Amino acid sequence: MAFSCLAEQEVDCSNPVTSLDFNYCMGLEAEQANQQLEHYWQKSLERNSFDPTLVEEMKVAHEKWDAYRQSHCDSIYTMWREGTIRNAKWLNCRIQLTKQRTHILWENFLTYADSTPPVLPEPK
């Protein structure tokens with residue numbers, strides 16, 4: 001689901017007024033979360049590139065996670081399909097799951113068991 005048609009208007013995301021404004025701002029937040037996830041994902045693959053078996057398993061898991069995110073958030077949308085809040089609920093689901101996945105990648109593939117600093121900072 002994209003909200004690119006709304007990009008032409010001026011929206012103050014610090015104080016969205018309408019449902020369309022709110023959805024547009026959440027769409028921006030979802031895109032930022034996706035960009036951060038992609039950055040952490042690429043770094044995770046890069047850091048573990050010495051182990052092709054691990055990288056392959058990571059890719060399979062990531063594809064399955066993405067399918068889960070889509071399916072789960074689509075079910076949230078369906079639950080709220082009769083209300084104008086459905087898009088916000090769907091976007092919030094994607095934002096939350098994307099941020100969780102980014103943190104999981106960081107925790108498992110971009111940190112060390114000792115006091116060595118992580119490859120990337122802890123995602124927020």
Side-chain angles (χ1 to χ4, degrees):
M1 185 170 298
F3 294 93
S4 60
C5 63
L6 301 174
E8 297 171 6
Q9 49 178 272
E10 289 289 323
V11 176
D12 177 9
C13 287
S14 65
N15 187 28
V17 178
T18 67
S19 292
L20 288 177
D21 292 350
F22 190 73
N23 289 341
Y24 172 75
C25 295
M26 287 190 76
L28 292 178
E29 186 178 351
E31 181 56 35
Q32 290 169 346
N34 280 328
Q35 288 173 359
Q36 184 180 44
L37 172 64
E38 182 61 24
H39 181 64
Y40 279 67
W41 171 240
Q42 291 305 318
K43 286 293 187 184
S44 296
L45 294 174
E46 185 181 302
R47 176 176 181 235
N48 294 287
S49 62
F50 66 91
D51 187 344
T53 302
L54 172 59
V55 167
E56 189 56 37
E57 287 184 19
M58 290 169 63
K59 289 178 178 179
V60 169
H62 198 64
E63 287 175 13
K64 288 182 178 184
W65 170 82
D66 192 42
Y68 164 77
R69 176 181 62 170
Q70 186 66 43
S71 180
H72 179 70
C73 293
D74 285 353
S75 71
I76 298 295
Y77 183 91
T78 299
M79 186 170 112
W80 294 97
R81 68 186 172 271
E82 300 299 325
T84 57
I85 199 168
R86 64 187 176 271
N87 291 322
K89 290 288 192 178
W90 182 84
L91 283 163
N92 186 59
C93 177
R94 291 189 62 89
I95 291 165
Q96 295 308 312
L97 290 179
T98 302
K99 287 180 176 183
Q100 288 171 7
R101 176 68 177 159
T102 303
H103 197 275
I104 287 168
L105 291 175
W106 174 81
E107 184 175 36
N108 290 282
F109 301 114
L110 298 173
T111 61
Y112 298 89
D114 60 15
S115 61
T116 303
V119 175
L120 291 173
E122 184 173 4
K124 303 294 177 204

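Just so we're clear, the structure is a prediction, and the values are computed from it rather than from any experiment. Just so you know, residue 1 is the first one in the sequence shown, and it goes up from there.
- Here the CG atom belonging to N92 is positioned 11.5 Å from the CH2 atom belonging to W80, to the nearest 0.5 angstrom.
- Linking ILVMFWY residues whenever their side-chain heavy atoms come closer than 4.5 Å, directly or via other members, places M26 and W90 in the same cluster.
- Of the N and O atoms on the side chains of E38 and N34, not one donor lies less than 3.5 Å from an acceptor on the other residue.
- Remark: E63 pairs with no residue by the side chain to side chain contact (heavy atoms under 4.5 Å, CB included) rule, at least two apart or across chains.
- Under the 4.5 Å side-chain heavy-atom criterion for Ile, Leu, Val, Met, Phe, Trp and Tyr, F22 and I85 are members of distinct hydrophobic clusters.
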Inset, instruction - Applying side-chain contact (heavy atoms from CB on, under 4.5 Å), run through V55 and F50 and close with a yes or a no. - result: CA-CA 9 Å; V55 167; F50 66 91; over 6 Å; no

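- Once rounded to the nearest 0.5 Å, the distance linking NZ of K59 with OG of S44 reads 12.5 Å.
- Under the 4.0 Å criterion applied to side-chain N and carboxylate O atoms, K43 and E46 are assigned as salt-bridge partners.
- Distance check: D12 CG to C25 SG gives 7.5 Å after rounding to the nearest 0.5 Å.
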Legend entry - Residue pair R101, Y40: steps toward the side-chain contact (heavy atoms from CB on, under 4.5 Å) verdict: CA-CA 10 Å; R101 176 68 177 159; Y40 279 67; over 6 Å; no

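- Using a 4.0 Å cut-off between a side-chain N of Lys or Arg and a carboxylate O of Asp or Glu, K99 and E29 qualify as a salt bridge.
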Which donor-acceptor pairs under 3.5 Å do the side chains of residues 105-113 make with protein atoms, sequence neighbours left out?
| from | atom 1 | to | atom 2 | distance (Å) |
| --- | --- | --- | --- | --- |
| W106 | NE1 | L120 | O | 2.8 |
| N108 | ND2 | I104 | O | 2.8 |
| T111 | OG1 | E107 | O | 2.7 |

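- Remark: the backbone N or O of T98 is paired with a side-chain donor or acceptor of T102 at under 3.5 angstrom.
- Screening Q32, E31, H39 against Q35 for a side chain to side chain donor-acceptor pair (under 3.5 Å) leaves a single residue, E31.
- Here the side chains of Y68 and D66 are not in contact, with every heavy-atom distance at 4.5 Å or above.
- W65 is linked by a ring pair (Phe, Tyr, Trp, His ring centres under 6.0 Å) to H62, counting only residues two or more places apart in sequence or in another chain.
- Separation of atoms CG (D21) and SG (C13) is listed at 8.0 Å; rounding is to 0.5 Å.
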Inset, instruction - Walk me through it: do M79 and S75 pass the test side-chain contact (heavy atoms from CB on, under 4.5 Å)? - result: CA-CA 6 Å; M79 186 170 112; S75 71; over 6 Å; no

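- Separation of atoms OG1 (T53) and CG (D51) is listed at 5.5 Å; rounding is to 0.5 Å.
- No donor-acceptor contact under 3.5 angstrom links the side chains of Q100 and Q96, judged on distance only.
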Inset, instruction - Go through the steps to decide whether H72 and I76 satisfy the test side-chain contact (heavy atoms from CB on, under 4.5 Å), and finish with yes or no. - result: CA-CA 7 Å; H72 179 70; I76 298 295; 4.2 Å; yes

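- The structure places CZ of R86 at 9.0 Å from CG of N23, a figure rounded to the nearest 0.5 Å.
- If you chain together hydrophobic residues whose side chains sit under 4.5 Å apart, L37 and L45 fall into the same group.
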